[in-house]
2 protein chains.
Amino acid sequence: MNTQNLRKDVHTDGTPVVCLSCEARHRGVCGALTSEQLTTLSKTSYKHKLGEGHELVGEAEKVESYSNILSGVVKLTKTLADGRQQIVGLQFAPDFLGRPFKADSEITAQAATNVSLCSFPKSVIDRMIRESPGLEHKLLEQTLKELDEARDWMVTLGRKTAAEKVASYILMIARHIDPEAGPDGASATFDLPMTRADIADFLGLTIETVSRQITKLRTDGVIVLENNRHVFVPSVERLELRAGS
Amino acid sequence: MNTQNLRKDVHTDGTPVVCLSCEARHRGVCGALTSEQLTTLSKTSYKHKLGEGHELVGEAEKVESYSNILSGVVKLTKTLADGRQQIVGLQFAPDFLGRPFKADSEITAQAATNVSLCSFPKSVIDRMIRESPGLEHKLLEQTLKELDEARDWMVTLGRKTAAEKVASYILMIARHIDPEAGPDGASATFDLPMTRADIADFLGLTIETVSRQITKLRTDGVIVLENNRHVFVPSVERLELRAGS
DNA sequence: ACCCGACGTTGACGTGGATCAAAGTGCGTG
DNA sequence: CACGCACTTTGATCCACGTCAACGTCGGGT
């Protein structure tokens with residue numbers, strides 16, 4: 001992580017701002033900590049913001065910190081030698097970011113939108129994991145959730161058509177960002193957190209194909225667009241049909 | 001899990017055979033247990049064998065046991081409503097099999113080859129996980145490893161050509177089954193543990209395309225085949241070039 | 001207001017892999 | 001051995017998606 005890119009939020013006396021808000025998030029790791037550990041953490045953690053496109057974890061670079069995502073979306077990408085790219089994961093608040101027990105990763109993490117993070121040094125968290133079984137349990141749960149999501153996407157990548165892929169993507173975003181739009185027949189409104197290029201990299205398609213499929217969903221009345229980003233889904237159920245179950 | 005399909009190995013007096021061999025495997029969960037816990041486990045665990053194609057965990061069925069894989073290969077598949085299938089994971093001995101903290105799964109586990117397992121009831125392991133942090137740590141490590149593998153395959157599924165996919169698959173099998181064939185320039189010999197249909201489901205291709213690409217690798221001298229299953233790779237390095245890094 | 005560059009859309013065309021069809025190949029069984 | 005069956009290979013054709021190219025749209029800076 002290139003800390004020079006980061007703007008640290010500190011109090012006027014220079015002490016870092018502790019990310020107490022994490023405590024309230026059921027999937028953030030802080031919730032599993034004792035108040036004593038939280039105090040320890042507060043001395044080393046800091047909150048910061050990143051603009052869209054900023055890189056969090058360079059490829060093959062040493063990961064020197066872990067973070068909770070407070071807001072925004074982070075994309076995890078892998079790149080082949082010749083430049084072909086695939087997004088292998090999306091992390092939303094309040095996900096935990098960082099790979100325990102492994103100093104480096106072949107994965108690049110980038111801010112897909114503006115992102116605010118609460119970061120801690122790797123060493124502190126690694127020690128707390130060893131001391132606190134609850135924390136490890138939380139990590140296991142998030143990792144299992146990420147594994148489930150990855151496997152769902154493997155089906156999408158391997159076996160769905162371009163039309164189904166794009167519908168699946170919009171559906172997934174709808175469920176993440178507008179989760180209370182309700183099931184079956186209800187509508188949903190939200191902003192796509194990614195560019196067409198990112199969506200293409202996520203779905204294993206080209207920009208043009210993504211654009212054409214979005215156009216098709218629009219002309220078929222499955223979605224209504226304003227700015228290329230803002231989406232209104234009149235009937236989530238109808239979108240689900242397009243996603244190929 | 002349909003226990004009626006399973007042949008339990010029991011001693012002549014009827015007590016089940018405990019899978020003590022797990023203890024020696026670094027990735028099997030038993031290694032993380034105390035001898036006391038192992039004794040407890042021995043009262044409920046049993047070893048059994050499954051023929052190729054047997055289903056271990058039915059889709060949306062309750063998972064009632066966990067298992068260590070003692071030998072063979074297990075495939076995890078997901079199926080869309082219209083029958084399209086995607087293999088989302090392969091587990092080799094001594095991997096752990098079973099999804100903690102979740103009673104059901106949308107994943108089907110099937111024996112890809114003949115498989116022998118050491119199974120325990122879900123309740124026993126779930127309790128031991130709560131008591132023993134070391135066990136949870138082992139689970140976290142395996143889950144992280146599976147996540148890494150899943151993400152590697154997402155790149156393959158989304159961004160590689162059919163030729164690269166097949167080469168990547170053969171390379172992965174070579175590394176799993178003949179790991180001591182050595183790096184760079186060395187040769188490898190092994191049996192493909194799956195049918196062409198399985199390989200196609202794993203790579204998001206059709207049987208015909210898999211067959212054609214294997215033929216191409218053969219005529220190009222990258223691999224040498226005897227029985228459709230037995231593969232000799234004269235130069236692993238040359239195969240790596242075909243896998244598209 | 002103007003330009004500019006990034007992003008998105010649309011069209012024409014080519015191709016990689018799917019589909020449909022048929023012919024091997026190996027193996028267990030009567 | 002002949003048969004049947006499952007698996008694999010090979011060939012011919014088709015089409016979904018990639019590629020290449022042009023144009024449209026939006027937002028920010030001067």
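All values derive from a computational prediction rather than experimental measurement. Convention: sequence-line order gives letters A, B, ...; per-chain numbering from 1.
- Between Ile223(A) atom CD1 and dT9(C) atom C1' the separation is 14 Å, expressed in whole Å.
- The nearest whole Å value for the distance from the CZ atom in Arg218(A) to the C1' atom in dT10(C) is 11 Å.
- Using a 4.0 Å cut-off between a side-chain N of Lys or Arg and a carboxylate O of Asp or Glu, Asp220(A) and Arg242(A) qualify as a salt bridge.
- Salt bridge status for Glu52(B) with Lys75(B): absent, with no side-chain N to carboxylate O gap under 4.0 Å.
- Regarding Ile214(B), its CD1 atom lies at a distance of 14 Å from the C1' atom of dT10(D), rounded to whole Å.
- In this structure, Thr206(B) reaches the bases: a heavy-atom distance under 4.0 Å links it to at least one base atom across the strands shown.
- Between Thr215(B) and dT10(D) there is a side-chain N or O to OP1 or OP2 distance below 4.0 Å.
- Along DNA chain D, the nucleotide nearest to Asn228(A) and the one nearest to Gly204(A) differ in position, and the one closer to the 5' end is contacted by Gly204(A).
- Atom NZ of Lys216(B) is separated from atom C1' of dG17(C) by 14 Å (rounded to the nearest Å).
- The interatomic distance linking Asn227(B) (CG) with dG28(C) (P) rounds to 12 Å, in whole Å.
- Arg212(A) places its CZ atom 11 Å from the P atom of dT9(C), with the value rounded to the nearest Å.
- With Leu192(A) as the fixed residue, the side-chain contact (heavy atoms from CB on, under 4.5 Å) test singles out one of Val231(A), Asn228(A), Asp198(A), Asn227(A): Val231(A).
- Nearest to the side chain of Arg229(B), among dA18(C), dT8(D), dT19(D), sits dT8(D).
- Residues Glu146(B) and Arg151(B) are not paired through a salt bridge, judged by the lack of any N-O separation under 4.0 Å between the basic side chain and the carboxylate.
- Salt bridge annotation for Glu164(B)-Arg84(A): present, with a cationic side-chain nitrogen under 4.0 angstrom from a carboxylate oxygen.
- Heavy atoms of Ser211(B) sit under 4.0 angstrom from at least one base atom.
- Atom-to-atom, CD of Glu164(B) to P of dG17(C) comes out at 9 Å; the value is rounded to the nearest Å.
- With rounding to whole Å, Arg159(B) atom CZ is found 15 Å from dG16(C) atom C1'.
- Ionic pairing of Arg212(B) and Glu208(B) is not present here: no N-O contact between side-chain nitrogen and carboxylate oxygen is shorter than 4.0 angstrom.
- By the 30° and 60° cut-offs, the orientation of the rings of Trp153(B) relative to Phe202(B) is perpendicular.
- Not a single donor-acceptor contact under 3.5 angstrom links the side-chain atoms of Glu208(A) to the base of dC17(D).
- Comparing the axis of the opening five pairs of the helix from dA1(C)-dT30(D) to dG30(C)-dC1(D) with that of the closing five pairs yields an angle of 30°, rounded to 10°.
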